[in-house]
Amino acid sequence: MAFSHKHIIGTQQLSREDIELILETAESFKEINQRDIKKVPTLRGKTIINLFYENSTRTRTSFELAGKRMSADTINISASGSSVTKGETLEDTAKNIEAMNADVIVMRHSCSGAPDYLAKRLTKSSVINAGDGAHEHPSQALLDLLTIKEHKGRIEGLTVAIIGDIARSRVARSDLYALKTMGATVRLAGPATMLPPGLEEMGAEVYTDINEAIKDADVVIMLRIQLEREGGNTLVPTLREYAQFFALNTENLKLAKPDAIVMHPGPLNRGVEISSYVADGSQNVILEQVENGVAVRMALLYLLAGGSDEE
Amino acid sequence: MKTVIKNGHVIDPSQELDGRFDVIVEDGKIVEVGENLATNGADEVIDADGLVVTPGLIDIYVHLRDPGFEYKEDIVSGTRSAAAGGFTSLACMPNTKPVNDNKATTLYMIHKANQEGYANVFPICTITKGQKGTSLVEMGDLKLAGCVGFSDDGLNVESGDVLRRSMEYASGFDMPIIAHAEDDAIKCGGVMNEGRVATELGLAGNPWVAEAATVARDLMLAELTGARLHVCHISTRRTVELIREAKARGVKVTCEVTPHHFTLTEEAVRGYDVNAKMAMKEGLADGTIDAIATDHAPHHIDDKNVEFNVAANGLVGLETALPLSLNLVKEGVLTLSQAISCLTDRPAKALRIPRGTLAKGAIADIALIDPEYQWTLDATQMKTKARNTPFDGWNLTGAAMLTMREGKITFQREK
């Protein structure tokens, strides 16, 4: 089956068939990452630019490795600020990169909608959204799905609890769309200040008591609380109280199914949203997520830039 | 110079005129409106058969960007855009550079419009010096200069005391305070209506309370002080309800709605909800809403072509307000006469602008409208300098065919 998308902006636009194809492709690439010589010529001669307007270690490294292991030329650009502060507009920056014949631009930006804005203005390069504001982070959701599928053998019919700052989480949105498309039940939980309106209409069950969300769940995904934001807003009184009511610990994890898995997109705030006993416990699959991330990103790059007429 | 407009369907809500009449204009004034008037001695006879003849339209909320931001719009281009939309009078906002909190800037605007413009300009000055929300402008002197109202446009007057004192002081000069009602603390950086669409897009939401709570405060202050309050570009159901109730209690309040608020929803412009759109129509139908005003907000493409949260707000509206308002007539929300009233005598009354009537002796500002004229908006052909309209490519019905200011033609549509 052919992949019909030129850009990957969000999981909201991906069909069940799209997601299945991406996951199958990623599964086939996983083996490459476990070889002694981790390189195949699949994307030789292709150019991938990581255009990051926001700091990232994990995602950028993951995309960079994904490109390099498929022999693409991968360049990282760390830009800062928006058009307003930077002087050059986003469109101009991207068009300059496109003019150098980049095949794929992997982009992270603090403004929701920036990758979509770019995709509508570029004529040649594909755009992969590596996280935009509080909008979407599709590659994270896809690696989450791959990890769930590996452990549960399926996604359909599972109950997945996602807990934390839903309002400002692009991971929660991308997970919600992808999981719903694949037939899972999605529960979103957190303090009421972090649960924006409209989530039920988007297909989620919403809880302010995380115990209810965790109960009988197959998968528990904890979201990172942004420490640097705590003092400057009114969303939670203190991290201490947050940990008391909204963290995953060995006690409340017992409410989930006995074989439930625990996931986290990282980086972890140990002792805030997740206790170290859980983060390092037998049910955690957090590093598998990271490993799967490289395979999923290889799959995305391959589906967008590979399979061209030279091959 | 004598002009006779023959055989038109005259609608002048200020005099409750609605019928087939001729209009005689001489030396820039209305001389007579009546049946089968003689054309002898006329320098020009305009055949208005099939057209609706109304007082020139009045828009009490526009940004002309002049002085200071002429790269977006200026008084000449903005008034030319107005004339093309059937408008002859504009009340323009003070968020210029310098801010219009002074007589010199007010006089400059009026003078430039008179010398080079295609419509009358009635400046709205700020409530507070420098739009800073602390000390009052010279309201009496500004009234003498030609100012018609006070607004810290774009900024809410946060201090209840400053707003109260401004209302008291302005009421002594029989001048209205124009409220830009939005509680910045509640808005908290929101860039669109809070709700499902904002959540999906990952954009910060602005709840309806940010507007309605401020309107509630402003209405009570108007009640306390007896001042005239005009609430601009209302957009929430609760706001309409609050104003309806205040009017019933005798508070001296008027309000306006923009065509985009009763035409689009947040699905289209990512800003307003369907429920609010219905409420706007109900408010227009029962008369709670006095005026349709465009909030004509020209922006240069460079200010728009950036990431969504940092893009300039607003859209241009002078050339599309009439057909969008006439849609309300087709939908049965308003009669044709009521729609014209929301664009002529009622906005004139809200700001005491001495226009909006075809009464004998009045200044001959007139619009000739073809309510059935079919056209497609091409943003590149607009008279405004700006291109920021969500209606580009829309098929529209109804247009001004000829616009006249003080008896002189300021716009004539090529058929």
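Protein chains get the first letters and strands the later ones, always in sequence-line order, with residue 1 at the start of each.
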_Set of side-chain hydrogen bond (donor to acceptor under 3.5 Å, both in side chains) partners for B:K383, sequence neighbours left out_ = none

_Sole residue of B:E182, B:K277, B:E211 in side chain to side chain donor-acceptor pair (under 3.5 Å) with B:S235_ = B:E211

*Could you have a look at A:M202, A:R121, A:E200, A:Q12 and say which one has the most heavy-atom pairs with chain B under 4.5 angstrom?*
A:M202

*When the aromatic ring centroids of B:F262 and B:H260 are compared, is their separation below 6.0 Å?*
no

*Can you check whether anything in residues 172-195 of chain A gets within less than 4.5 Å of chain B, heavy-atom wise, and list it by number?*
A:R173, A:Y177

*Residues A:K120 and A:D116 bridged, charged N to O under 4.0 Å*: yes

*Can you name the salt bridge (charged side-chain N to carboxylate O under 4.0 Å, His left out) partners of A:R108, sequence neighbours left out?*
none

_Pair A:R170 + A:E54: basic N to acidic O under 4.0 Å_ = yes

*Spacing of OG1 belonging to B:T384 relative to CG belonging to B:L315, to within rounding of 0.5 Å*: 11.0 Å

*How long is the gap from CG on A:L122 to CD1 on A:I105, to the nearest 0.5 Å?*
5.0 Å

*Residues, nucleotides or ligands: over 12 heavy atoms within 6.0 Å of B:D184 CG*: yes

_Under a 4.0 Å threshold between the charged nitrogen and the carboxylate oxygen, would A:D165 count as salt-bridged to A:R168?_
yes

_Using a 4.5 Å heavy-atom cutoff, which residues in residues 133-144 of chain A come close to chain B?_
A:A134, A:H135

*When only pairs under 4.5 Å are counted, which of A:S112, A:P196, A:A167, A:A114 shares the most heavy-atom pairs with chain B?*
A:S112

